[in-house]
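Written out below as structure tokens is the structure these notes cover.
Any value given below was found using the heavy atoms of this structure, including those in side chains, with hydrogens, waters and symmetry copies removed.
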Amino acid sequence: MQNSEYNFSKIEPIWQKYWAENGTFNAIDFDKRPKFYILDMFPYPSGAGLHIGHPEGYTASDAYKRFKKSQGYNVLHPMGWDAFGLPTEQYAIKTGRHPKDTTKENISRFKEQLEQIGLCYDSNREVNTTDPNYYKWTQWIFTQLFKKGLAYVDEKPVWFCPDLGTVLANEEILNTPEGPRSERGNFPVERRPIRQWVLRITQYADRLIAGLKDVNWPDSTKRLQANWIGRSEGAKVSFEIEDYEESLEVFTTRPDTLYGATYMVLAPEHPLVSKITTEAHKEAVEAYIEKTKVKSDLERAELSKDKTGLNTGAFAINPVNNKRIPIWISDYVLLSYGTGAIMSVPAHDERDFEFAKKFDLEILQVIDDANQAHKNADGNLNSAFTEAGPLMNSDTLNGMDSDSAQKAIIETLSAKNAGSVEVNYKLRDWLFSRQRYWGEPFPIVWVSQDNYSKINTEFKPKGEPIIANFNDEVQYAVVLPEEALPLKLPDIESYTPSPDGQSPLSNAHEWLHVHFDIQTGAISEQATENTVPGTRETNTMPQWAGSCWYYLRYVDPTNSEKLIDPDLESYWKTPDLYIGGAEHAVLHLLYARFWHHLLHDLGVVSEAEPFKKLFHQGIILGEDGEKMSKSRGNVVNPEIIIDAYGADTLRLYLMFLGPLEAMKPWNTKGIEGIARFLRKLWRLVILDNETELNPKVDSDQSTKLDSESERLLHQTIEKVTADYESLGFNTAISQLMILLNHLSKLDKIPKDTVEIFLQLIAPLAPHIAEELWMRLGHTGVISEAAWPVAIQEKLATASVKIIFQVNGKYRGDIMLPNNPSKEEALSAAKSNERVQAQLEGKQILKEIYVPNKIVNLVVQ
RNA sequence: GCCUGGGUGGUGGAAUGGUAGACACUCGGGACUUAAAAUCCCGUGCCAGAAAUGGCGUGCGGGUUCAAGUCCCGCCCCAGGUACCA
């Protein structure tokens with residue numbers, strides 16, 4: 001505490017308590033006021049507590065919420081906890097403490113820290129993804145996916161991390177110079193085939209692209225999502241393989257270049273490789289496959305800058321001209337995209353060109369470049385020509401443009417049953433299971449084939465049954481009825497996953513083995529004539545599951561009958577503003593959109609898109625300009641700042657650092673300016689060292705502001721209002737500083753002017769604003785007061801400043817009565833001394849007058 | 001490589017095509033004080049000058065315009081994302 005007058009550590013807790021106890025910021029269902037739903041990305045309550053990055057976005061949303069409330073909106077601004085996750089489970093493995101208990105402690109620490117910053121949330125609407133009453137509905141959504149045939153089980157080669165004892169998704173893998181590592185812990189990882197649940201997000205790919213045009217998001221984020229989904233239109237073409245029954249399917253976006261296909265390339269893992277490779281090439285090909293297996297995708301990409309590959313000795317037949325072309329393998333072709341095989345057209349694809357050059361394969365130009373392409377002296381291409389153009393070397397299609405040729409070729413192919421139009425996506429289905437304890441259990445029971453046939457179809461997926469092998473026995477998946485939800489996590493002795501990669505739940509024997517009622521789906525411990533024996537699914541859901549739909553539950557957090565009440569849903573709809581980091585631009589936002597579309601199909605929600613407006617707050621870097629991290633030792637702890645300067649100063653400073661969306665370094669020295677600003681505000685209202693009001697503040701309204709001060713006041717109302725609306729808090733604060741600097745120089749200040757100032761700063765510095773508001777004699781809180789509105793007449797001026805320029809350079813200015821004529825302005829300019837000095841001995845070529853703004857004399 | 005952002009004083013950053021550097025930090029000088037803190041006043045882009053003022057200045061090179069940090073073309077650098085997507 002540096003100042004005995006403005007005692008923030010005394011007043012801040014008082015107001016925090018007041019807002020909490022009075023539910024000042026609680027939303028009211030079905031209120032007549034217009035609704036406004038503002039959402040923050042909810043945090044993972046880690047053991048480390050709050051990081052300075054959290055309060056940046058959270059302060060912005062808290063300020064915006066207070067602003068909107070003052071403007072007369074019924075504001076919903078909730079907070080919750082994304083509390084399933086690996087660190088808590090790791091901690092449990094280490095200490096044996098139940099993740100439930102650790103989570104509870106972490107949450108209460110987070111809550112305390114958020115409250116200290118003056119962040120207010122509707123406490124009746126807190127959600128916690130690990131609460132069975134919450135995850136009941138996460139499981140319910142999964143049952144809907146299951147029944148619609150949008151979930152399946154697949155044996156997938158996925159990243160396995162022996163140190164963490166779990167499977168990791170691609171997005172949890174870091175590519176380091178030492179090879180692939182786990183994002184958490186930086187442990188080495190390897191590929192292993194494991195039974196996994198997968199969701200068919202690809203079925204929604206087109207709708208997820210289309211929906212992007214209906215949302216107000218940063219363009220860069222929309223593009224990122226569209227690119228991630230990666231829709232490409234083209235054709236599937238099938239090539240016969242010489243001497244084999246099988247044919248080779250490829251996907252191409254350029255069917256018009258089919259005549260230029262001079263060889264084929266298969267991914268080394270392609271199932272046909274071992275079959276078609278000739279004796280002479282077998283040994284080398286097998287060695288190459290082995291080498292590929294140990295490479296990560298990134299190594300494959302990186303090392304293959306210089307392309308590698310081998311001939312299999314086999315030949316394919318081009319369906320349009322029956323040309324015999326060799327089949328190669330190379331790791332630049334990925335099994336996971338398209339069909340895992342390509343037709344190579346080196347003349348018109350850069351990668352193929354490079355490969356053909358390296359292995360001296362034929363390059364046949366089939367698109368006329370009209371002399372645009374780089375060629376060597378012999379007239380051969382120096383690089384691939386990848387644009388469209390008229391065809392050449394293509395029999396009857398010569399001269400036809402690329403577009404028409406694509407259609408013609410696909411038509412020819414489909415007549416021969418050798419090809420068709422095809423759409424491909426980069427997006428892959430969503431790997432939805434983890435071999436962990438601390439996640440939502442799947443409401444699934446596995447039964448034998450015989451027993452499966454006895455079970456009510458209600459518990460089975462639409463379409464194909466879901467089957468998996470357990471110890472060489474085929475099992476069928478059935479889903480639990482809604483009444484059986486939530487399926488709670490059982491208590492277990494050890495949280496350590498078994499070394500075979502199975503979840504720790506596989507050791508919870510009593511929980512594991514159940515009897516499933518074939519009619520009702522009810523689970524019982526004892527067998528009856530209506531039950532069949534089954535085994536529960538031991539995988540749990542990924543952390544994304546709970547965070548995919550939490551924004552809906554805030555609206556109706558305690559409903560045990562429904563995920564969300566339809567009336568409440570139609571009142572609150574979806575968030576009007578979503579603030580969160582750009583690091584979630586793809587995965588979280590895409591998964592949540594997928595589920596929201598699904599819920600829309602199910603009639604649970606009334607709109608297809610969940611987040612109308614999205615804002616990405618930036619990142620606060622350490623004082624050294626680097627990302628804050630423990631290892632760098634540049635982490636700023638918000639609690640220390642609050643102790644030294646108070647929450648209001650921290651809030652203002654976080655917002656003053658720069659634009660909300662920017663990445664900006666923290667600078668502890670700079671906070672002094674904000675601290676001075678608030679002390680100055682305090683002194684404006686309260687007399688030094690006393691609790692009484694500063695006599696400068698005229699409470700009987702006998703003084704009036706002079707017109708210049710009044711104009712500044714209303715300009716400030718206007719600018720601050722507009723800046724808050726666009727989340728431009730940094731410039732709003734500097735405008736408030738200008739006004740305060742001005743007011744503090746006046747001898748007398750009308751009380752209502754001070755009050756307006758307090759209202760304008762209240763969203764950002766709510767504690768001091770409440771305190772001074774009360775001391776000015778108000779019985780109600782400033783949080784409930786209506787937002788001030790600028791009076792247009794007060795903004796008007798009687799005179800206008802005209803800038804003088806000579807050859808575009810500033811040479812002086814003058815105040816003139818409004819709307820001076822061109823003649824008046826010009827003569828004022830010409831009679832200015834500095835202007836005259838510039839005109840000395842020169843000739844005026846042109847006289848520009850921009851009304852009420854500027855005179856520019858062009859001279860020579 | 002590709003896709004996004006972005007390059008403005010010693011620092012963070014302001015600027016609907018119209019006075020570049022608002023607002024702060026830092027630093028320097030002064031007032032108040034026994035002293036310090038707090039507070040207040042003055043200065044603070046660079047160069048020349050006692051000052052008035054003048055010249056130069058928004059990554060670099062061109063262009064459009066009476067006027068460009070802002071618009072157009074070409075480069076350089078930095079940060080983030082992505083990884084051969086056929």
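The phosphate of B:rG55 has OP1 or OP2 within less than 4.0 Å of a side-chain N or O from A:Arg811. For B:rC40, neither phosphate oxygen OP1 nor OP2 lies less than 4.0 angstrom from any side-chain nitrogen or oxygen of A:Arg676. Of the side-chain N and O atoms in A:Asn741, none sit less than 4.0 angstrom from OP1 or OP2 of B:rC23. Between A:Arg223 and B:rG81, a side-chain N or O to OP1/OP2 separation shorter than 4.0 Å is absent.
Separating the P atom of B:rG54 from that of B:rA31 is a span of 34 Å, rounded to the nearest Å. B:rG69 and B:rU8 have their P atoms separated by 15 Å, with the value rounded to a whole Å.
The residue A:Lys680 sits close only to the backbone: its heavy atoms come under 4.0 Å of sugar-phosphate atoms, none of a base. When heavy atoms are screened at a 4.0 angstrom cut-off, A:Lys426 is found touching base atoms of the nucleic acid.
Judged by distance alone, the side chains of A:Thr308 and A:Tyr288 do bring a donor and an acceptor atom under 3.5 Å apart.
A distance of 6.5 Å separates OH in A:Tyr332 from NZ in A:Lys307, rounded to the nearest 0.5 Å. Within the model, atoms CD of A:Gln406 and CG of A:Leu258 stand 11.0 Å from one another, a figure rounded to the nearest 0.5 Å.
A:Tyr591 places a side-chain heavy atom less than 4.5 Å from the side chain of A:Trp430.
In terms of position on RNA chain B, the residue among A:Tyr425 and A:Ser744 whose nearest nucleotide sits closer to the 5' end is A:Ser744. Both A:Gly340 and A:Gly670 sit near RNA chain B, but only A:Gly670 has its closest nucleotide nearer the 5' end.
One atom, CD1 of A:Ile671, and another, P of B:rA24, lie 16 Å apart when rounded to the nearest Å.
With B:rA67, B:rA86, B:rU19 as the candidates, the nucleotide lying closest to the side chain of A:Asp813 is B:rU19. For A:Arg683, taking side-chain heavy atoms from C-beta onward, the closest of the listed nucleotides B:rA24, B:rG18, B:rU39 is B:rU39. Listed nucleotides: B:rG13, B:rU82, B:rA86. Nearest to the side chain of A:Trp228: B:rU82.
For a distance-only test at 3.5 Å, the side chain of A:Lys809 fails to qualify as a donor-acceptor partner of the base of B:rU19.
Ring orientation note: the planes of A:Phe355 and A:Tyr263 are close to parallel, at an angle under 30° on the 30°/60° scale.
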